[in-house]
There are 2 protein chains.
Amino acid sequence: MKRSQEATVEGTGRRAGLDRADVVLAALRLVETEGADALTMRNLAGRLEVTTTTIYWHVGGRDELITELIRYQSEIQAARPIEGETPHERVVSLARHIWESARENRAITSLAHQNGATSLLERPLEIALVHELQVAGVTGAAAAEAHRAILATVGGLLIQALRDESIIPANRRSEALWADTDPELGLDAATIDALAQPADLDALFESTINAVVAHILAKPEPVKRRSRPAAAKAAGPAKNKTKRARKSTTKRTTKSNG
Amino acid sequence: MKRSQEATVEGTGRRAGLDRADVVLAALRLVETEGADALTMRNLAGRLEVTTTTIYWHVGGRDELITELIRYQSEIQAARPIEGETPHERVVSLARHIWESARENRAITSLAHQNGATSLLERPLEIALVHELQVAGVTGAAAAEAHRAILATVGGLLIQALRDESIIPANRRSEALWADTDPELGLDAATIDALAQPADLDALFESTINAVVAHILAKPEPVKRRSRPAAAKAAGPAKNKTKRARKSTTKRTTKSNG
DNA sequence: ACCTGAACACCGTTCAAGT
DNA sequence: ACCTGAACACCGTTCAAGT
């Protein structure tokens with residue numbers, strides 16, 4: 001990959017060899033280091049030591065830049081191996097991949113969320129999820145419903161998690177609101193106390209996602225799987241079709257039921 | 001309530017009698033008619049036929065304005081009566097209130113969401129939810145967990161619903177992404193087809209929330225309730241302290257374990 | 001082909017000044 | 001007490017022009 005720290009051309013003020021990939025990667029690093037809000041065209045241009053308009057020449061505009069950035073990141077996130085043997089375990093494993101990817105890349109997830117590109121970011125993992133449901137015997141309208149229910153559950157927990165990171169004024173944060181709840185309301189003190197504390201979101205994720213997946217897989221009978229799962233594959237301009245090597249997972253998932 | 005269409009003062013260019021409430025209500029109408037993004041200080045000032053700085057004099061700034069606007073709206077949304085007899089029914093009913101309020105007031109919900117004020121908007125209904133869980137015998141840490149799981153579920157479905165309304169570029173929308181899925185992936189055609197169609201989110205809400213609530217209320221045994229429901233009460237600047245009659249619920253000990 | 005400079009139409013916010 | 005006018009420091013984007 002071309003580095004962007006090359007010398008300027010022959011004493012002129014022009015930079016050499018800046019291409020589209022450089023811009024996208026610089027944008028990614030900018031988001032990772034300074035947060036989603038730091039991704040402005042001027043800020044990015046400054047990082048690359050070019051004029052704002054140069055950015056426009058390489059990538060079409062802010063929206064295009066974000067689309068490409070998210071697409072790039074989405075492929076990285078799809079690399080995690082699916083764990084578990086039973087359909088339930090494997091579906092939960094995929095949901096957990098979405099969850100963990102988002103928590104480990106908060107800024108990019110926020111960026112995607114702010115710009116309506118969440119589906120794009122989760123795309124490869126969503127494809128893998130649909131496949132896993134299919135293997136479990138869930139297809140058609142039922143699969144779409146199951147898929148959406150799972151994504152909604154993960155997404156709902158995710159906005160709670162991301163909320164903790166972003167700079168929300170104290171008087172709007174859930175914990176703070178519970179902390180000064182009117183005692184006259186007659187709510188249980190221990191409950192209020194628990195609500196005023198930061199949540200254990202990982203535990204909440206496990207508990208809730210297991211309940212939802214159990215509910216989804218309750219209808220059709222589980223299928224003894226012997227077909228191999230398809231690797232997650234991005235819908236981007238993939239130039240090389242990487243065949244993903246299958247490895248037989250050795251059943252090492254958390255065994256939790258609601 | 002004072003109208004803001006009063007005549008200007010004696011031929012001068014000054015408007016008369018514009019107060020804080022006028023500004024907040026005008027902002028609310030602006031959001032409702034033109035969407036969350038239309039709420040700019042200049043736009044609002046133009047609506048009220050004053051200068052931008054006048055807005056700053058009445059409400060402190062954009063954030064304060066939004067806080068007050070959301071707080072106002074939150075009280076309106078709490079007016080719905082809780083339906084059902086069993087704890088399960090009543091908890092689901094409250095979750096449904098949050099769901100329906102948000103769907104009926106998309107722009108304001110979006111505004112709250114964009115500005116991290118979701119907790120504020122849902123506050124009165126959240127209080128009612130905690131109360132209802134308490135009546136059902138769920139308190140302490142278990143109540144906090146149950147509360148958060150329910151909110152996450154509703155919230156996750158809500159961002160899917162709100163996504164449909166906002167102007168997201170076609171290539172980022174979930175349905176569009178599924179519509180041109182690579183056939184080489186080997187995914188079931190009927191499933192892809194179902195995913196490419198707009199979802200029946202109301203049905204999805206009912207199905208998912210019932211599963212989650214059932215999961216939550218599975219642990220403590222259900223309580224035969226004969227007490228009447230407490231009305232939702234906002235945490236705003238309440239001038240009159242309504243003493244809430246304490247009802248000895250038949251069995252509401254703090255029987256909570258993680 | 002690649003990059004600059006100037007400009008446009010927006011933002012939220014502040015500050016001195018008017019009546 | 002209530003409001004205006006001008007200004008500051010930002011945005012994304014476009015367009016003509018340079019090499």
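A note on names: the letters A, B, ... follow the listed sequences, proteins ahead of strands, and every chain is numbered from 1. In this text, all values refer to a predicted model and were calculated from it rather than measured experimentally.
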For Arg172(A) and Asn115(B): C-alpha separation, side-chain torsions, deciding distance, then whether side chain to side chain contact (heavy atoms under 4.5 Å, CB included) applies.
CA-CA 9 Å; Arg172(A) 285 185 196 168; Asn115(B) 292 85; 3.8 Å; yes
Quick test of your reading of the model: are Arg80(B) and Glu104(B) salt-bridged, counting only N-O distances below 4.0 Å?
yes
Ring-plane angle category for Trp99(A) and Phe205(A), please: parallel below 30°, perpendicular beyond 60°, tilted otherwise.
parallel
Taking the six-membered ring of Trp178(B), is NZ or CZ of Arg123(A) closer than 6.0 Å to its centre and within 45° of its axis?
yes
Mark yes or no: Arg20(A) above the aromatic ring of Trp57(A), with NZ or CZ under 6.0 Å from the six-membered ring centre and no more than 45 degrees from the axis.
no
Think His58(A) has a side-chain N or O under 4.0 angstrom from the OP1 or OP2 of dA1(C)?
no
Please determine whether a side-chain nitrogen or oxygen atom of Thr54(B) lies at a distance below 4.0 Å from atom OP1 or OP2 of dC3(D).
no
Restricting both atoms to N or O, compile the protein contacts to nucleotides 10-14 of chain C shorter than 3.5 Å, with distance only.
| residue | atom | partner | partner atom | Å |
| --- | --- | --- | --- | --- |
| dC11(C) | N4 | Arg42(B) | NH2 | 3.1 |
| dG12(C) | OP1 | Arg62(B) | NE | 3.3 |
| dG12(C) | OP2 | Met41(B) | N | 3.1 |
| dG12(C) | N7 | Arg42(B) | NH1 | 2.5 |
| dG12(C) | O6 | Arg42(B) | NH2 | 2.9 |
| dT13(C) | OP2 | Tyr56(B) | OH | 3.1 |
| dT13(C) | OP2 | Arg62(B) | N | 2.9 |

Within this structure, what is the [atom1]-to-[atom2] distance between [X] and [N], rounded to whole angstrom?
| X | N | atom1 | atom2 | value |
| --- | --- | --- | --- | --- |
| Ile55(A) | dC3(C) | CD1 | P | 9 Å |
| Leu48(A) | dT4(C) | CG | P | 11 Å |
| Trp57(B) | dC3(D) | CH2 | P | 7 Å |

For the pair [X] (side chain) and [Y] (backbone), establish whether a donor and an acceptor sit closer than 3.5 Å, ignoring hydrogens and angles.
| X | Y | result |
| --- | --- | --- |
| His97(A) | Leu125(A) | no |
| Asn105(B) | Ser101(B) | yes |
| Gln77(B) | Glu122(B) | no |

Secondary-structure stems for DNA chain C, with pairs counted as Watson-Crick or G-U when both distances are under 3.5 Å and runs at least 3 long
C:4-8 with D:12-16, C:12-16 with D:4-8
